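Notes follow the structure.
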Amino acid sequence: MTRDAVLVANPTAGGGRAAALQPAVLDALRAGGWAVRSVTSRDGADAARIAAEADPDELVVSLGGDGMHALVASGVATSGACLAALPGGRGDDFVRAIGLPRDPVQAALTLSVARERRIGLGEADGRTFLGVLSIGFSARASRLAHSSRVRGRYAYHVAAVRALAGVPPQHFSIGLDGRRFDWEGLELAVGHSGWYGGGLHVCPDAELTDDVLDVTAIAGHKRAFPAVMTGMFDGTHVRRLEVETFRAREVGIDGEGEVWADGDLLCRLPVQARVRPDAVRLLA
């Protein structure tokens with residue numbers, strides 16, 4: 001692989017954490033033998049543009065949160081360049097999913113011995129995502145975390161406690177590869193990587209390298225939800241009676257409410273989602 005790289009940093013990710021870490025990450029990349037130039041994006045759209053205009057032989061290193069990585073991934077899917085994602089946000093769930101250290105300098109140092117692989121790119125209503133589509137409880141928690149003053153991944157955990165009080169069961173119509181059924185519950189998570197909320201493995205069977213989406217549907221009374229959420233840390237929540245799981249190449253959800261993904265508001269219901277297989281070259 002070429003040793004040329006461009007480091008794209010999000011100045012607002014993690015409350016400015018990514019910007020503060022940019023010089024140390026740049027030094028680590030150069031110490032690993034990369035001929036790297038550094039760019040600070042104006043916003044997410046600018047980061048996607050930089051990645052889309054990268055040379056196909058270049059490594060595009062994304063330093064930011066999950067939303068930043070998803071936008072850069074959409075860009076490299078256009079340019080053919082290779083992606084490396086470094087932790088610089090709050091949840092850093094994509095970095096967790098691909099097995100890199102959650103210290104950005106250590107993660108940058110590992111890239112010199114990392115291997116390239118192909119992963120799919122989630123697509124929902126014209127937008128791309130890498131993690132999980134959050135609908136119901138987790139969508140409300142994401143909105144609360146987005147405006148929280150709590151730093152790091154604990155912003156999601158605090159928001160989850162706050163969100164639970166205000167989320168009644170909701171009615172949805174779920175489509176899985178053309179098969180449609182009605183469902184009522186508290187939470188629908190449509191997973192590509194399978195991680196959300198700063199370390200919750202909500203869709204533990206999800207794989208970035210396949211072309212299917214994993215759906216975790218959580219019903220029951222909200223008094224049971226704290227126990228379900230505790231099980232998400234190690235994926236054992238799927239054994240509970242309140243939890244159903246499905247897999248499909250095409251997932252459609254009809255109902256009311258917001259859809260969040262990778263820490264950002266994606267759209268409102270209804271939503272149609274799929275995976276574009278092998279769309280992204282990833283170094284991890």
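Starting from 1, each residue takes its place in the sequence as its number. These numbers come from a predicted model, not from an experiment.
The two residues S112 and R3 have their closest heavy-atom pair at CB-NH2, 3.9 Å. Heavy atoms only, all atoms of each residue included: C267 and D125 are closest at SG-OD2, 3.9 Å. Residues G191 and A206 approach most closely at O-CB, 4.1 Å, considering heavy atoms. The heavy-atom pair separating P101 from P87 by the smallest distance is O-CG, 3.7 Å. Between A97 and L208, the closest heavy-atom pair is CB-CD1, 4.5 Å. Nearest heavy-atom pair across V8 and A47 is CG1-CB, 4.1 Å.
Within the structure, ring pair (Phe, Tyr, Trp, His ring centres under 6.0 Å) pairs that include any residue of residues 207-227 comprise F137-F225 (at least two apart or interchain). Under the salt bridge (charged side-chain N to carboxylate O under 4.0 Å, His left out) criterion, the residue pairs touching residues 229-244 are R240-E242, with sequence neighbours excluded. Within the structure, the side chain to side chain donor-acceptor pair (under 3.5 Å) test picks out the following pairs touching residues 126-139 (sequence neighbours left out): S134-S138, S138-E187. Applying the ring pair (Phe, Tyr, Trp, His ring centres under 6.0 Å) definition to pairs two or more places apart or across chains, those involving residues 247-277 are H146-W260. For residues 46-55, the side chain to side chain donor-acceptor pair (under 3.5 Å) pairs, not counting sequence neighbours, are R42-D46, D46-R49, R49-E53.
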For residues 21-32, run the donor-acceptor check on the side chains, cut-off 3.5 Å, and write out each pair with its distance to 0.1 Å, sequence neighbours left out.
unit_1	atom_1	unit_2	atom_2	d
Q22	OE1	T40	OG1	3.3
Q22	NE2	S38	OG	2.7
Q22	NE2	T40	OG1	3.3
R30	NH2	V36	O	3.1

Without placing hydrogens or testing angles, list every side-chain donor-acceptor pair under 3.5 Å for residues 198-205, not counting sequence neighbours.
unit_1	atom_1	unit_2	atom_2	d
H201	NE2	W195	NE1	3.3

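In this structure, CE on M68 lies 12.5 Å from CG on L130, to the nearest 0.5 angstrom. To the nearest 0.5 Å, atom OG1 of residue T110 and atom CG of residue L100 are 4.5 Å apart. Taken to the nearest 0.5 Å, the CG atom of D66 stands 8.5 Å off from the CZ atom of R96. Atoms CG and CD1, on D93 and I98 in that order, are 11.5 Å from each other to the nearest 0.5 Å.
Side-chain contact check for V251 versus R274: every heavy-atom pair is 4.5 Å or farther apart. At a threshold of 4.5 Å between non-hydrogen side-chain atoms, the residues F129 and F94 do not count as touching. T216 is listed as a side-chain neighbour of H237, based on a closest heavy-atom distance under 4.5 Å. Annotation: side chain of V61 is in contact with side chain of L59 (closest heavy-atom distance under 4.5 Å). When side chains are defined from C-beta on, Q272 does not count as touching I253, because their heavy atoms never get closer than 4.5 Å. In this structure the side chain of C82 never reaches within 4.5 angstrom of the side chain of E58, judged on heavy atoms. Side-chain contact between Q170 and E184: absent, with no pair of heavy atoms (C-beta onward) separated by less than 4.5 Å. When side chains are defined from C-beta on, H192 counts as touching V275, because their heavy atoms get closer than 4.5 Å.
Hydrophobic clustering (ILVMFWY, side-chain heavy atoms < 4.5 Å, transitive): V215 and W183 are in one cluster. Cluster membership for V259 and L265, using ILVMFWY side-chain heavy atoms within less than 4.5 angstrom, is not shared. Side-chain heavy atoms closer than 4.5 Å link hydrophobic residues (I, L, V, M, F, W, Y) into clusters, and following such links, possibly through other members, connects L176 to L269. In the hydrophobic cluster analysis, where Ile, Leu, Val, Met, Phe, Trp and Tyr join through side-chain heavy atoms closer than 4.5 angstrom, V280 is grouped apart from L71. V212 and L121 end up in different hydrophobic clusters when Ile, Leu, Val, Met, Phe, Trp and Tyr side chains are linked at under 4.5 Å.
Legend: residues meeting ring-ring contact (aromatic ring centres under 6.0 Å, His included) with F172, ordered by chain and number and at least two apart, are absent. Residues passing the side-chain contact (heavy atoms from CB on, under 4.5 Å) test with A51, sequence neighbours excluded: V60, V72, V76. Taking P270 as the reference, D254 meet the side-chain contact (heavy atoms from CB on, under 4.5 Å) condition, with sequence neighbours excluded. Legend: residues meeting side-chain contact (heavy atoms from CB on, under 4.5 Å) with T209, ordered by chain and number and at least two apart, are R117, I119, E207.
Distance alone, capped at 3.5 Å, is enough to place a donor-acceptor pair between the D177 side chain and the E250 backbone. When atom types are taken as modelled, the side chain of R281 and the backbone of A77 share no donor-acceptor pair closer than 3.5 angstrom.
Salt-bridge check for R247 with D214: passed, with a basic side-chain N closer than 4.0 Å to an acidic carboxylate O.
In the hydrophobic clustering (ILVMFWY side chains linked at under 4.5 Å, chained through shared members), L241 stands by itself.
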Check step by step if side chain to side chain contact (heavy atoms under 4.5 Å, CB included) holds for S142 and E258. CA-CA 10 Å; S142 293; E258 295 179 337; over 6 Å; no
